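Treat the numbers as computed from the prediction; the structure is a model and nothing was measured.
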Amino acid sequence: MKKHWPIIVFLSVFFVLIGVKLISHPTPFFDWDESLYVQTGKEMIEQNKFLMPVWQGQYWLDKPPLIPLIYGLVAKLTFFSTPEITTRLFSLFVSTIILAFVYIFYNRVLKDRWLSTLTVAITAFTPLFLQRAQTVNLDIFILLGWLGYILFFDNFFAGLFFLFIAVMGKSLIGFYPIALIFIYYFYKFFKKEIERKNLEKIIKKILIQSLILLSWFVAMFFVFGNAFFWQHIIESHFRRVTSSIEFHFGQRTFYITLAAEQMGRFFYLGIIGGIITLINFFKNKISSKYFFYSFYLLFWFIFLNLTKTKIFWYFYPAIPQFAFLAVVFINQFNSKIFKIIFGIFLAILLFNQSYKQNVLAINYSKQEPYYDLSLYAKNKCQSLDLLINKTSRESFAILDKLGLLITTTKWWGDHPSMVYYFGKKINFYYYTESFNKSFKNNGCFVIDKNDANYLNNLIGKSSQFGDYYLIIK
C-alpha cells in the first residue's frame, strides 16, 4: 500500500469526484445504450427469462445476457435510490477496477509507479473512457475481462472468471486474449523459450476454458435454433466486419482519426513510443513478454481498421494501449532527471487536456421532450403507437433497399429510452400504411411535428412535447 500510494490516491480521488457528480446531478438514461441495457435487464428479471436479454417481451438474440442482467439486478436491489444513480455508480466502480488493472498490467513493463500512474491518468481522462465510466454500457466489461484474464492467467478459475465476463459481455469478441495467448506461447516455443510439455499444458488449459464458454453458444443454438445463429453470429459479428450496417458509416481512416481526437497529443507520442518499442524488440533489447504486454491491446485497434461498420465506442479497449505507448519511451532513457522532466511535461499536458474537457461539468444526457411525453403518457395509456419521424423513415427505407439492416434494427424507434420511462408496450411504425390502420382505432398515438396532418379533427385530444404530439382518443 505504501509502495503504490500514488495510484491509490489517484483512484480514490477519481472515484469520489465522479461519484459525487453522479449523485448530485442525476440525469435520465440516454439513447441508446443506457436505456437498452437497463430495460432489457429489468425485463429479464420481471419475466424470469435469463437465457438472453429481453426487449418488450422478445428475446434479443444479438447480445449475451450477463451485462443487462447485472444492470437489471443493480437497479432492482438498490431500491433505496434511483437507477439513474446506482447503475452509473456501478459503471464507475467497474471502471475504477479497470484503471487498477491497467496500473498492474503496465507496471509489469514499466516497473515505475509514477510512469504507471501517469499511464492510468491518461487513460482515465480520455473523453471516451470518462463517458463510459459514467454511463451504463457493455464496453467496460470487455476491457475488464481482457485485462483480468492476462493478469490472472496462471490461476485457472480466476482466468476463466474474467474470460467469462469478456465472452458473456461481448460474445465471440471476448475470446480476443485466447487468440493472442496462443500466438504468444507458440512464438516462445518456436524461439525455444519454453519446452514442449509447458506449451501443451498451456494449450490444454485455454482449450478447456474456451470449450466451457463455447458450450453456451451450443446450448443457445439448440434453444433458439437458426434464429440465434443468424442474429447472434452472422448479423452481430460477421456482417459488422463486412458491411457498414445500419447508420454506422465512416471513412477507412475512421478509427485512426478517432484515436487522434480522443488521445490528442498522446496519440502521436504513442506512435513514437510504439516505433521505439518495435526497434528495441528487433534488436533483442526487450523480451517477448515485454513485447506482448506492450502491444497486447494494439491488435484490437488494428482489427477495428479492417471492419466496415464504424462505431466510435469500439475504440474504448484500445485507450490504455495508446496511453501506455505515450509514456513507455521515457523508460528508454537512463537519465533520471530527464525522466522526471518529461514526466512532468506529460502531466502538464494531461492537466491541460482534462481542463479543456471540464470533466466535472459535462453531462451525457438531459431531460428531453420525449422523456416528458413518456412519463406523462405512463398513467394515461396502456400502450403507445409511435410513428417514426419522416426523415428517419426515409433513411431506413434507403438502408433497407441497400440490405444494411439487421433483424432487430426496427425494434428501437428513434428513442429507446421511451420504452423504459413509459414502462409499457410501444409499437414503433416505420411505414405510414401500417400506422394508418392502427390510427383508425382508439388508443394513444405519438407523431412528429412533420406529420401534423394526423391532428386534423382531433382538437383537444393532443398534447405537444417539443417536436412530438401525444394523441389520446
Side-chain angles (χ1 to χ4, degrees), residues 30-37 39-40 43 52-65 67-68 137-139 170-173 217 220-221 224-252 254-255 258 303-315 370 384-420 425-438 446-448 450-451 468:
F30 73 76
D31 296 318
W32 286 53
D33 289 11
E34 289 198 301
S35 55
L36 288 185
Y37 301 135
Q39 176 63 24
T40 53
E43 290 193 39
M52 297 292 287
V54 181
W55 177 259
Q56 298 210 92
Q58 298 185 73
Y59 280 114
W60 182 23
L61 301 181
D62 292 21
K63 309 290 184 183
I67 309 308
N137 66 94
L138 300 183
D139 306 290
K170 211 70 171 175
S171 193
L172 295 178
I173 294 172
F217 294 86
M220 292 304 100
F221 177 76
F224 297 105
N226 289 332
F228 171 78
F229 180 77
W230 178 254
Q231 294 179 43
H232 193 92
I233 305 299
I234 302 301
E235 291 186 334
S236 188
H237 288 81
F238 292 101
R239 288 199 63 197
R240 291 186 185 278
V241 175
T242 59
S243 305
S244 300
I245 62 171
E246 299 176 317
F247 294 97
H248 303 303
F249 302 101
Q251 295 179 339
R252 187 177 295 275
F254 175 87
Y255 288 109
L258 178 63
F303 171 74
L304 286 181
N305 285 278
L306 301 177
T307 63
K308 293 295 183 68
T309 297
K310 310 298 183 182
I311 302 179
F312 77 92
W313 59 82
Y314 283 3
F315 173 68
Y370 55 83
L384 287 178
D385 285 3
L386 187 153
L387 179 63
I388 303 302
N389 71 71
K390 187 176 181 180
T391 302
S392 294
R393 295 199 303 267
E394 292 173 349
S395 298
F396 274 94
I398 293 172
L399 290 179
D400 203 2
K401 290 180 180 179
L402 294 174
L404 296 178
L405 300 184
I406 60 177
T407 302
T408 58
T409 298
K410 296 180 180 179
W411 282 24
W412 324 114
D414 286 323
H415 303 292
S417 60
M418 293 182 69
V419 175
Y420 177 81
K425 178 71 172 178
I426 298 182
N427 301 304
F428 296 107
Y429 290 87
Y430 288 79
Y431 302 99
T432 54
E433 296 81 6
S434 54
F435 181 77
N436 291 341
K437 292 179 181 178
S438 176
V446 179
I447 60 169
D448 180 76
N450 293 320
D451 291 301
Y468 300 90

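Under the ring pair (Phe, Tyr, Trp, His ring centres under 6.0 Å) criterion, Tyr431 pairs with no residue, sequence neighbours left out. Every residue was checked against the ring pair (Phe, Tyr, Trp, His ring centres under 6.0 Å) condition with Phe254, not counting sequence neighbours, and none meets it. Under the ring pair (Phe, Tyr, Trp, His ring centres under 6.0 Å) criterion, Tyr430 pairs with Phe396, not counting sequence neighbours.
The shortest non-hydrogen separation linking Pro64 to Pro53 is O-CG, 3.4 Å. What you find for Phe435 and Asp385 is that their closest heavy atoms are CE1-O, 3.6 Å. Tyr429 and Ser434 make their closest contact through CD2-OG, 3.4 Å (heavy atoms, listed as atom of the first residue, atom of the second, distance). Here the closest non-hydrogen pair linking Leu405 and Arg239 is O-NH1, 3.0 Å. Here the shortest heavy-atom pairing between Asn389 and Thr391 reads OD1-N, 3.1 Å. Nearest heavy-atom pair, Leu61 versus His232, reported as atom, atom and distance to 0.1 Å: O-ND1, 2.8 Å.
For the pair Lys437 and Glu433, the minimum side-chain heavy-atom distance is 4.5 Å or more. At a threshold of 4.5 Å between non-hydrogen side-chain atoms, the residues Leu386 and Tyr468 do not count as touching. Between Ile233 and Leu172 the shortest side-chain heavy-atom distance falls below 4.5 Å. Within the 4.5 Å cutoff, no side-chain heavy atoms of Asn305 are placed close to those of Arg252. Inter-residue side-chain proximity for Asp414 and Ile388 is flagged as met; some heavy-atom pair is nearer than 4.5 Å. Side-chain contact between Val241 and Thr307 is present, with heavy atoms from C-beta onward closer than 4.5 Å.
Distance alone, capped at 3.5 Å, is enough to place a donor-acceptor pair between the Trp55 side chain and the Trp411 backbone. Put simply, the side chain of Gln39 never gets that close to the backbone of Ser35: no donor and acceptor are under 3.5 Å apart. Proximity of a side-chain donor or acceptor of Glu235 to a complementary backbone N or O of Asp62 within less than 3.5 Å is not detected. Between the side chain of Gln231 and the main chain of Thr407, no donor-acceptor pair closer than 3.5 Å is present.
Note that CG of Leu384 and CE of Met418 are 6.0 Å apart. Values are rounded to the nearest 0.5 Å. Distance CZ/Phe315 to NZ/Lys310: 13.5 Å, rounded to 0.5 Å. To the nearest 0.5 Å, atoms CZ (Phe228) and CZ (Phe221) are separated by 9.5 Å. The distance from the CG atom of Leu399 to the OG atom of Ser392 is 10.5 Å, given to the nearest 0.5 Å. Atom-to-atom distance recorded for Ile173:CD1 and His237:NE2 is 5.0 Å, nearest 0.5 angstrom. For the atom pair Ile447 CD1 and Leu387 CG, the distance stands at 8.0 Å (nearest 0.5 Å).
Summarising the local packing, NZ of Lys410 is surrounded by more than 12 heavy atoms from other residues, nucleotides or ligands at distances under 6.0 Å. Open room surrounds CG on Asn226; 12 or fewer heavy atoms of other groups in view lie less than 6.0 Å from it.
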Please report the C-alpha distance between Arg240 and Ile311 in whole Å, then the side-chain angles of each, then the deciding distance to 0.1 Å, and finally whether the side chain to side chain contact (heavy atoms under 4.5 Å, CB included) criterion is met. CA-CA 10 Å; Arg240 291 186 185 278; Ile311 302 179; 3.9 Å; yes

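Using a 30° and 60° split on the angle between ring planes, Tyr370 and His415 fall in the parallel class, below 30°. A parallel orientation is assigned to the rings of Tyr37 and Trp60, their planes being inclined by less than 30° (bins at 30° and 60°).
Salt-bridge check for Arg393 with Asp448: failed, with every basic side-chain N at 4.0 Å or more from each acidic carboxylate O.
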